[in-house]
Amino acid sequence: MTLEHDAAFPAVADIDLDAIGDNLRLVRSTAQTATLGVVKADAYGHGRQQCAQAMMAAGADYLGVAQLAEALDLRQEVGPEPRILTWLYAPGAPLGDGLRADLEISVGALWAIDELATAARKTGITAKVHLKVDTGMARGGIDLWNLAEAAGKLRAGVAEGLFDVAGLWSHLARADEPECGLTEQQIDIFEEARHIVDAAGLDIRIHHLAASAGALWHPKARYDMVRPGIVLYGVSPNSGYLSAQQIGLRAAMTLSAEIIAERTVPEGTGISYGHTDRTDRPTHLGVVPLGYSDGIDRKASNVAPLVIDGTRTRIRGRVCMDQFVTELPYGTTVGERAWLFGDAEFGLPTADEWADVTGTIGYEIVTRIGARVPRRYHGTGMASSRAPR
Ligand SMILES: *Cc1c(COP(=O)(O)O)cnc(C)c1O
């Protein structure tokens, strides 16, 4: 959903496309590999088309989305040039549409190879395939013990002109915990997978394993291409290990809203549904018109930080569907802005701080900001809008 009357909505998510460009350039120069920019889930809530274009402008080699449906839409949005990888679909999915849209399609199950072969035969289009192997997620991908069979099927398809096997890939389960040792084990299993696939006679061009955390913190996982998502939006894959600011990332999303009511209440006043908070002194309160329908988690009730008039404050009482109450600094009036999160460099709380106090990860904070909140775009991704730190 996009609102036709954005200007009538009293909150906005400002999206800095130059920040996305800078973050992508940072990953590229760190990893020294090809880069696939992940724009699934509406670019983690930032707006798929705009972010995809910014990433391409900043030099991304590929775009990636999870769902086939997203990939088909993305192709319409970015035109025929960018290479697009997609990896999530169910049996019976319209893979022929994917081939006509020149998508590169992951196969992570034997049934997927069969269905893609059928689609290639029907359309007469050679499918560009990325073979996905599970190296330790127990999620997407073919298990090592089925890999020879999968590779054999692909080899037969190549001989028939149905397949061009562009990539071999996998996904890391604990790359955000650099000391835990699992990533090294997954790399070993990925190497085994390579041998199996080589032995089957497949000639694969791109090996890729690392998302954001792998790209930053596991040089051996970088292979030919990295697949960053969250870092491109300026959020750390693990802020307990290194914050976005420590990594040198710039937050792409800044969420703010107008204060639409204010009042000073006496000591002992119960606030919002359930009176889960009560004033312990005369208190200046304001109403912010964003709620859980906009993706402000109800767990943010009473705890999430805000900046108003340059002063840190917090949500008071329960977050409602469309609004919440906050404490206002003395002298703040209706019409001033409440800043929920953005870049730490500007003195704002970060998505990661919101995640800490609500028991989740920064990914979920930005991705959940609802479609009702208008996005306002700045920059292009091409140039840096401020000097690097
Ligand atoms: C979401 C996703 C990514 C990006 O992950 P981040 O942690 O956001 O960088 C990369 N690869 C796959 C397969 C994904 O599903």
Side-chain angles (χ1 to χ4, degrees), residues 19-20 23-24 26-28 30-31 33-46 48 51-52 55 60-71 74 83-89 103-109 112 129-142 166-178 182-183 186 190 193 206-218 221-242 244 247 249 251-253 351-352 355 360-368:
I20 290 175
N23 295 334
L24 190 129
L26 179 82
V27 173
R28 268 168 65 97
T30 304
T33 62
T35 306
L36 176 151
V38 178
V39 291
K40 65 191 179 188
D42 200 24
Y44 296 43
H46 294 66
R48 182 178 56 221
C51 293
M55 289 175 195
D61 302 276
Y62 264 86
L63 298 168
V65 283
Q67 297 280 0
L68 176 63
E70 301 182 280
L74 177 61
R83 288 190 279 184
I84 298 174
L85 176 65
T86 177
W87 54 84
L88 211 58
Y89 51 89
L103 304 178
E104 302 193 18
I105 299 178
S106 168
V107 289
V129 182
H130 290 241
L131 174 59
K132 187 169 192 187
V133 54
D134 193 297
T135 55
M137 280 282 282
R139 198 183 69 171
I142 291 170
L168 176 70
W169 72 299
S170 188
H171 195 55
L172 299 170
R174 297 181 70 181
D176 57 331
E177 303 167 76
L182 185 73
T183 298
Q186 286 197 254
F190 194 60
I206 312 172
H207 299 81
H208 52 109
L209 187 53
S212 292
L216 291 179
W217 300 331
H218 297 276
R222 290 172 188 154
Y223 286 91
D224 306 310
M225 182 164 80
V226 295
R227 304 186 308 269
I230 196 67
V231 290
L232 301 183
Y233 307 103
V235 175
S236 174
N238 178 354
S239 60
Y241 178 66
L242 277 181
I247 299 167
L249 301 171
M253 183 188 291
D352 282 322
T360 184
I361 51 177
Y363 292 71
E364 195 177 353
I365 299 296
V366 293
T367 304
R368 284 210 171 195

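Side chains are part of it too, since the values below use all heavy atoms of this structure and drop only hydrogens, waters and symmetry mates. First listed ligand is number 1; within each ligand, the first listed atom is number 1. Predicted model only: the values in this text are computed from it and were never measured.
- Checked against L209 for a side-chain contact (heavy atoms from CB on, under 4.5 Å), the options D224, L172, L168 give a single hit: L172.
- Within 4.0 Å of ligand 1, protein heavy atoms come from V38, K40, Y44, W87, W169, H171, A211, S212, R227, P228, G229, I230, Y363.
- Remark: T135 engages S170, Q186 in a side-chain hydrogen bond (donor to acceptor under 3.5 Å, both in side chains) (not counting sequence neighbours).
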Q. Can you list the steps and then say if W217 with I247 is a side chain to side chain contact (heavy atoms under 4.5 Å, CB included)?
A. CA-CA 11 Å; W217 300 331; I247 299 167; 3.9 Å; yes

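- Residues satisfying the side-chain hydrogen bond (donor to acceptor under 3.5 Å, both in side chains) test with E364, not counting sequence neighbours, are T360, R368.
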Q: May I have the step-by-step check of side chain to side chain contact (heavy atoms under 4.5 Å, CB included) for H208 and Y223, ending in yes or no?
A: CA-CA 6 Å; H208 52 109; Y223 286 91; 5.6 Å; no

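- Residues satisfying the side-chain hydrogen bond (donor to acceptor under 3.5 Å, both in side chains) criterion with R83, sequence neighbours excluded, are absent altogether.
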